[in-house]
Amino acid sequence: MSKIMAQKSVRADGARRLAAYLVEEIESGRLHAGHKLPAERELCESFEASRGSVRRVLSNLKEIGLITQAVGSGTFVADNVAELLPATVNRLPEIQVSPAELMAARLLIEPQMPSLIVRHATAADFERMDECLTQSEQAMTIEDFEYWDGELHKVFAIATHNNFFLKVLELANQIRDQGEWGRLKRKSLTPERRKKYEEQHRAMVIALRDRDEVLSRQLVTEHLNQVQLNLFSQS
């Protein structure tokens with residue numbers, strides 16, 4: 001294994017170690033209700049994980065109610081964490097899904113979301129989409145771009161207001177945290193391709209905001225086909 005590939009594998013392992021550590025510490029009570037977690041940068045350094053992976057770990061814990069986050073204040077163990085444990089904490093084994101399998105499934109599922117988004121999306125949903133667009137375009141690293149890319153697709157799922165799609169995208173993000181996806185994404189994400197993704201993302205949000213189901217579905221499909229082609233092409 002090359003030095004570069006070894007570093008990437010370690011970073012993916014670091015995210016898994018961070019998730020396991022936080023869950024174990026919260027379950028045991030060593031991280032008690034109201035306890036403030038270290039800053040993202042410190043967690044990245046301590047667990048040798050990328051900023052995007054750390055953010056996804058924290059986002060997952062926030063979604064199941066174990067932690068809370070406040071802009072400018074930090075990340076804290078939730079006040080009602082004792083009521084949530086152990087029922088909501090599931091130690092899921094790593095799911096062995098290849099990037100090719102993930103993309104094949106996404107191409108079947110994600111183009112179905114626009115029909116619900118154009119009917120049910122709220123102003124708050126579109127504000128969050130705009131935030132994801134801005135943050136991804138300003139991202140200085142591949143990890144940060146990948147994080148906000150994943151967040152945008154997650155917001156699409158949320159905007160369907162259908163829990164099935166949200167669970168599917170949560171699973172997709174879990175798989176994206178695995179080392180093989182990150183290796184392919186870094187290898188394939190040239191500046192030109194990133195710019196194309198950003199343009200496609202903005203076009204999708206515009207079409208969804210216009211409540212244009214047909215165009216939205218077409219743009220989502222084109223985007224996913226482009227990602228699939230870039231991930232697995234040899235050039």
Side-chain angles (χ1 to χ4, degrees), residues 8 12 52-53 56 59-60 63 92 94-121 125-126 128-129 132-133 135-137 139 142-143 145-235:
K8 291 172 182 174
S53 293
R56 271 196 285 274
S59 177
N60 288 340
E63 285 172 5
L92 296 176
E94 181 173 335
I95 299 172
Q96 298 300 321
V97 176
S98 71
E101 291 172 324
L102 173 60
M103 286 308 306
R106 290 182 67 188
L107 275 162
L108 288 173
I109 295 170
E110 292 188 44
Q112 309 307 315
M113 294 195 297
S115 62
L116 292 175
I117 296 174
V118 299
R119 289 170 173 78
H120 303 302
D125 292 328
F126 288 117
R128 179 61 175 164
M129 291 179 200
C132 292
L133 291 174
Q135 293 290 344
S136 67
E137 291 168 359
I142 291 177
E143 289 85 359
F145 175 78
E146 175 71 359
Y147 171 78
W148 288 106
D149 182 327
E151 283 295 292
L152 178 62
H153 286 272
K154 180 177 170 183
V155 175
F156 289 159
I158 292 172
T160 66
H161 294 269
N162 183 300
N163 284 331
F164 170 79
F165 285 108
L166 183 56
K167 293 301 181 184
V168 168
L169 266 293
E170 286 177 2
L171 178 59
N173 275 341
Q174 181 180 342
I175 297 166
R176 284 159 67 116
D177 277 337
Q178 297 176 12
E180 181 64 12
W181 176 274
R183 183 187 70 79
L184 286 173
K185 196 64 178 286
R186 288 175 178 83
K187 180 180 177 181
S188 69
L189 191 63
T190 65
E192 294 76 16
R193 287 172 175 175
R194 172 174 166 173
K195 180 175 176 58
K196 181 63 175 179
Y197 292 161
E198 291 170 354
E199 292 172 350
Q200 290 175 329
H201 287 158
R202 282 207 169 269
M204 286 188 286
V205 172
I206 290 172
L208 290 168
R209 183 178 270 117
D210 289 342
R211 312 289 176 171
D212 190 330
E213 178 181 346
V214 174
L215 179 58
S216 299
R217 187 189 298 266
Q218 175 185 332
L219 292 172
V220 169
T221 301
E222 289 177 355
H223 171 64
L224 293 175
N225 277 323
Q226 186 69 58
V227 172
Q228 184 181 55
L229 177 64
N230 292 342
L231 282 175
F232 306 115
S233 65
Q234 296 300 312
S235 57

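This chain uses plain numbering: 1 for the first residue, then up along the sequence.
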Worksheet item: If you measure from CE on Met129 to CD1 on Ile117, what distance do you get to the nearest 0.5 Å?
Response: 5.5 Å
Practice prompt. If the plane angle is over 60° it's perpendicular, under 30° parallel, otherwise tilted; pick one for Tyr197 and Phe145.
Written response: parallel
Practice prompt. Look at the aromatic rings of His201 and His153 and report parallel, tilted or perpendicular, splitting at 30° and 60°.
Written response: perpendicular
Worksheet item: Looking at Arg202 and Glu198, does any basic side-chain N land under 4.0 Å from a carboxylate oxygen?
Response: no
Worksheet item: Thinking salt bridges, do Glu199 and Lys195 make one under a 4.0 Å N-O criterion?
Response: yes
For residues [X] and [Y], report the shortest heavy-atom separation together with the two atoms involved.
X      : Y      : result
Arg119 : Glu213 : NH1-OE1, 3.2 Å
Met113 : Ala157 : SD-CA, 3.7 Å
Ser98  : Glu101 : N-OE1, 2.9 Å

Could you check whether any side-chain heavy atom of [X] comes within less than 4.5 Å of a side-chain heavy atom of [Y], counting everything from C-beta outward?
X      : Y      : value
Glu110 : Leu169 : yes
Gln226 : Arg193 : no
Ser136 : Leu152 : no

Discussion item. If only side-chain N and O atoms count, and only distance matters, is there a donor-acceptor pair under 3.5 Å linking His161 with Asp125?
Written reply: yes
